[in-house]
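In what follows, a single structure is set out as structure tokens and then discussed.
All values derive from a computational prediction rather than experimental measurement.
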Amino acid sequence: MTVSIAKAPSQDRGQRRVDRLLDAAADLILVHGAEGLRMDMVAKHAATSPGSLYQFFPNRAALLTALAERYGAVIEAIAERNVQGQAANPPASIEQAGRDFLTPFLAFYEANPAYVILTEASDRIFAGTGYAFGEDDQVSLKMKDVLQPFIASGHQTRLDIVCKLLIATTHAAIAAAVKLPTAAKRDWVTELDALIIAYLRSLN
């Protein structure tokens, strides 16, 4: 299946309508999962006509691609802010650098569980479309920038792989914890933090 490109809104009113449709899709993913989402559900939840929905998104793949790209843009912006923030106020240790970099992403995942569900199902949803989530690669490059000053010379060649591994591990852990009760999720994140910090300490 080929992803049809969503029609770009030409006015602010059209953009607000698109945002409302994407918000509706995110809400419904929490209830039905990414694979259970249907276009008629989205139109009804957004209180709009199916014709208005199809005007911007000719099929479900186009809708989910647009939603994934909206999340991706936010994630890349967070990564860029993290780099700028640490450049302005350099952290004192690799542990602080790692925590300061990753904490905003944990907050984003907590606030946007539909993103976590969407990425977990991405291999199935976007199979054959040519679409792939690219933000993890961008985030790992930004993480490499902030960790570089703390890495011992003997570990410099590991840094690229380590950053990709830590981002992938964080993603997988949050995906596994997304439906846990609040207290259990807090314990899960605490253990994730301990794992990441132990790994970072092995680099300096």
Side-chain angles (χ1 to χ4, degrees), residues 1-9 14-80 102 104-143 163-181 185 188-189 192:
M1 178 176 62
T2 300
V3 173
S4 299
I5 303 300
K7 176 184 175 182
Q15 184 60 57
R16 288 194 297 272
R17 189 179 303 167
V18 166
D19 288 338
R20 189 165 69 248
L21 292 168
L22 295 177
D23 289 343
D27 290 344
L28 291 166
I29 284 173
L30 298 179
V31 179
H32 303 283
E35 293 165 294
L37 185 73
R38 299 198 315 268
M39 297 292 275
D40 61 309
M41 292 177 179
V42 176
K44 182 177 180 181
H45 192 72
T48 191
S49 68
S52 180
L53 170 60
Y54 284 106
Q55 176 186 5
F56 295 105
F57 305 109
N59 53 46
R60 189 184 75 153
L63 175 65
L64 291 176
T65 298
L67 181 60
E69 288 177 344
R70 184 172 73 166
Y71 283 133
V74 174
I75 286 173
E76 290 183 18
I78 292 172
E80 183 59 34
L102 290 173
F105 293 108
L106 295 177
F108 172 84
Y109 297 152
E110 181 70 24
N112 296 278
Y115 171 75
V116 179
I117 295 170
L118 184 59
T119 55
E120 189 278 329
S122 62
D123 288 346
R124 301 182 297 276
I125 292 172
F126 297 113
T129 67
Y131 179 79
F133 285 76
E135 57 267 22
D136 278 3
D137 289 338
Q138 295 300 314
V139 171
S140 66
L141 287 173
K142 298 298 184 183
M143 188 175 191
C163 289
K164 290 180 179 179
L165 179 63
L166 290 178
I167 296 301
T169 299
T170 300
H171 237 149
I174 296 302
V178 69
K179 294 184 179 180
L180 292 177
K185 187 183 299 184
W188 192 272
V189 171
L192 173 63

Between [X] and [Y], which heavy-atom pair has the shortest distance, and what is it?
| X | Y | result |
| --- | --- | --- |
| V178 | P113 | CG2-CB, 3.8 Å |
| A61 | T65 | O-OG1, 2.7 Å |
| I75 | F105 | O-CE2, 3.6 Å |
| S140 | C163 | O-CB, 3.6 Å |

Rounded to the nearest 0.5 Å, what separation is found between the [atom1] atom of [X] and the [atom2] atom of [Y]?
| X | Y | atom1 | atom2 | answer |
| --- | --- | --- | --- | --- |
| L102 | T169 | CG | OG1 | 10.5 Å |
| N112 | R70 | CG | CZ | 8.5 Å |
| E135 | H171 | CD | NE2 | 6.5 Å |

* **Over 12 non-hydrogen atoms of neighbours within 6.0 angstrom of NZ in K185** => yes
Could you check whether any side-chain heavy atom of [X] comes within less than 4.5 Å of a side-chain heavy atom of [Y], counting everything from C-beta outward?
| X | Y | answer |
| --- | --- | --- |
| I167 | D137 | no |
| L22 | E69 | no |
| I29 | L67 | yes |
| Y115 | I174 | no |

